[in-house]
Structures are given as C-alpha cells and as structure tokens.
Amino acid sequence: MSAPRAATATPFTLVTGVIGADTHIVGNRILSMALEEAGYRVVSLGALTPAGDFIRAAVETAADAILVSSLYGQGELDCRGFRELCIEAGLDDILLYVGGNLVVGKQPWDDVERRFLDMGFDRAFAPGTRVPEALAMLGADLAARTPKAARQ
C-alpha cells in the first residue's frame with residue numbers, strides 16, 4: 001500500500017534532518033523517501049544539523065513544516081528554544097514535528113510528549129511510530145493550509 005499523495009498542485013515543502021550531534025540518519029532517510037513518495041517537496045539536511053540550519057533552510061525554501069528527528073537521547077536539549085528561533089526568523093506559523101528517541105532513559109511517553117508540545121512543537125512522535133501514521137497526521141495538519149510556495 002502506497003502512502004497518500006499530497007493533494008495540491010503545488011507541493012508542500014518540508015525540511016527534515018537529524019538535530020544536534022546525532023549521526024543516526026537511516027530512519028530520517030526512510031521518512032524523507034516516504035514523504036517524497038507521498039508528493040511532498042523534501043529538503044533533507046542530513047545528520048549533525050544545528051537548529052539554526054533548520055531555520056535557515058525553512059526560510060530559504062518557504063517551507064511549510066520542519067520535521068526534526070533525534071535518536072541519541074539528547075533531543076530535549078537540542079530542541080530547547082526551537083519555536084522561539086522560528087518566530088525570530090518570521091516563521092510564526094510553521095508546523096513543527098519532532099520524533100525519535102528524544103530523551104535519555106525510560107520515561108513515560110505522555111510526559112515526554114507534553115514537554116515537547118510545551119516547547120512549541122505541534123506534534124511529538126514516540127520511538128517506533130510507523131511512517132504511515134506520521135504521514136496521516138501530517139496530511140491532516142496540512143489539509144487546511146495552502147502551500148507557502150503557492151502564496152508567494
């Protein structure tokens with residue numbers, strides 16, 4: 001079964017990457033490929049990406065969403081202040097997703113998710129979230145929006 005295709009003539013632009021000092025790239029590459037297959041324009045920054053690089057890429061490409069991944073457990077530290085950086089760059093309404101192994105040690109997911117939502121992320125995905133689930137949520141979150149590229 002293939003993923004649902006983005007429903008607009010102008011595709012939504014998504015910036016993806018692995019934040020901080022994290023080198024775990026395989027899952028991010030799989031996600032990027034699934035997003036492209038679903039009809040999104042993907043700007044993949046790869047691993048070892050500072051927060052500021054996500055913001056710059058989103059500004060330069062008129063991105064509609066930023067999807068941050070982290071697997072090495074330091075995502076909570078790496079993502080602090082991320083929404084504020086977006087706002088400073090004029091990206092007040094950008095959709096922010098984060099997923100992976102975001103914290104050190106076993107912690108209740110509800111607590112982890114709440115911390116990331118409180119940091120300004122629109123959605124936080126637990127380790128092991130399946131790609132179709134993330135695609136469905138992304139599609140729903142973008143459904144009422146017009147791609148930024150179509151507005152310019």
Side-chain angles (χ1 to χ4, degrees), residues 6 8 10-36 38-105 107-127 129 131 133-152:
T8 58
T10 303
F12 287 99
T13 299
L14 313 174
V15 173
T16 68
V18 183
I19 197 164
D22 196 336
T23 61
H24 295 92
I25 194 67
V26 175
N28 191 261
R29 185 64 193 131
I30 292 168
L31 177 62
S32 292
M33 290 170 51
L35 292 166
E36 289 170 350
Y40 296 104
R41 179 174 173 248
V42 178
V43 178
S44 181
L45 302 179
L48 300 165
T49 306
D53 287 2
F54 283 93
I55 309 304
R56 280 187 287 285
V59 169
E60 290 170 6
T61 64
D64 300 285
I66 298 173
L67 287 67
V68 175
S69 73
S70 181
L71 199 62
Y72 76 141
Q74 300 299 319
E76 185 174 7
L77 297 173
D78 294 334
C79 290
R80 284 193 183 138
F82 200 94
R83 176 60 78 181
E84 290 77 11
L85 290 172
C86 290
I87 292 168
E88 288 173 15
L91 301 172
D92 304 53
D93 64 343
I94 196 157
L95 191 62
L96 292 182
Y97 278 19
V98 64
N101 184 28
L102 302 173
V103 296
V104 175
Q107 299 180 34
W109 175 249
D110 290 346
D111 293 345
V112 174
E113 180 181 37
R114 173 59 32 216
R115 289 198 302 268
F116 279 88
L117 296 177
D118 288 347
M119 280 193 265
F121 284 85
D122 296 286
R123 294 204 187 259
F125 294 92
T129 301
V131 171
E133 180 183 347
L135 284 174
M137 289 182 181
L138 180 64
D141 289 344
L142 291 173
R145 298 178 179 219
T146 301
K148 284 187 181 178
R151 291 184 258 157
Q152 295 180 343

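Predicted model, so just to flag it, every value in this text is computed and none were measured.
Taking CG of L142 as the start and CG of L14 as the end, the distance is 6.5 Å to the nearest 0.5 Å. Here the CG-CD1 distance, from D64 to I94, works out to 7.0 Å after rounding to the nearest 0.5 Å. The line from NE2 of H24 to CG of L48 is 10.5 Å long, rounded to the nearest 0.5 Å. Considering CG of D93 and CD1 of I87, their distance stands at 10.5 Å, rounded to 0.5 Å. With values rounded to the nearest 0.5 angstrom, M119 atom CE is found 9.0 Å from L117 atom CG. Atom CD of E60 and atom OG1 of T13 lie 13.0 Å apart (nearest 0.5 Å).
Inter-residue side-chain proximity for L138 and F12 is flagged as unmet; no heavy-atom pair is nearer than 4.5 Å. Residues P11 and Y40 form no side-chain contact, since every pair of their non-hydrogen atoms from C-beta on lies 4.5 Å or further apart. Using a 4.5 Å heavy-atom threshold, the side chains of V98 and I19 count as separate. Residues V68 and C79 are in side-chain contact: their nearest non-hydrogen atoms beyond the backbone lie under 4.5 Å apart. In this structure, the side chains of L91 and V59 come closer than 4.5 Å at one or more pairs of heavy atoms. In this structure, L45 and V15 have side chains that are in contact, with non-hydrogen atoms separated by less than 4.5 Å. Using a 4.5 Å heavy-atom threshold, the side chains of L95 and R145 count as touching. Counting only heavy atoms from C-beta outward, the side chains of F125 and L102 never approach each other to under 4.5 Å.
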Side chain to side chain contact (heavy atoms under 4.5 Å, CB included) assessment of D22 paired with D78: CA-CA 10 Å; D22 196 336; D78 294 334; 5.6 Å; no
Steps toward salt bridge (Lys or Arg N to Asp or Glu O under 4.0 Å) verdict (D118, R83): CA-CA 10 Å; D118 288 347; R83 176 60 78 181; over 6 Å; no
Test log, rule salt bridge (Lys or Arg N to Asp or Glu O under 4.0 Å), inputs D141 and R123: CA-CA 10 Å; D141 289 344; R123 294 204 187 259; 2.7 Å; yes
Worked check of side chain to side chain donor-acceptor pair (under 3.5 Å) between T16 and S32: CA-CA 7 Å; T16 68; S32 292; 3.0 Å; yes
Verdict with supporting geometry, R114 and D111, salt bridge (Lys or Arg N to Asp or Glu O under 4.0 Å): CA-CA 5 Å; R114 173 59 32 216; D111 293 345; over 6 Å; no
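Nearest approach of C86 to L96, heavy atoms of both residues: SG-CD2, 4.0 Å. The nearest pair of heavy atoms linking R41 to T61 is NH1-O, 3.7 Å. Residue F116 comes nearest to A124 through the heavy atom pair CB-CB, 3.9 Å, listed as atom of the first residue, atom of the second, then distance. Nearest heavy-atom pair, V104 versus Q107, reported as atom, atom and distance to 0.1 Å: O-NE2, 3.0 Å. In plain terms, the two heavy atoms of A89 and I55 that are nearest each other are CB-CG2, 3.4 Å.
Checking side-chain atoms of Y72 against main-chain N and O of A21 turns up a donor-acceptor pair under 3.5 Å. Formation of a donor-acceptor pair under 3.5 Å by the N101 side chain with backbone atoms of P127 is not found in this model.
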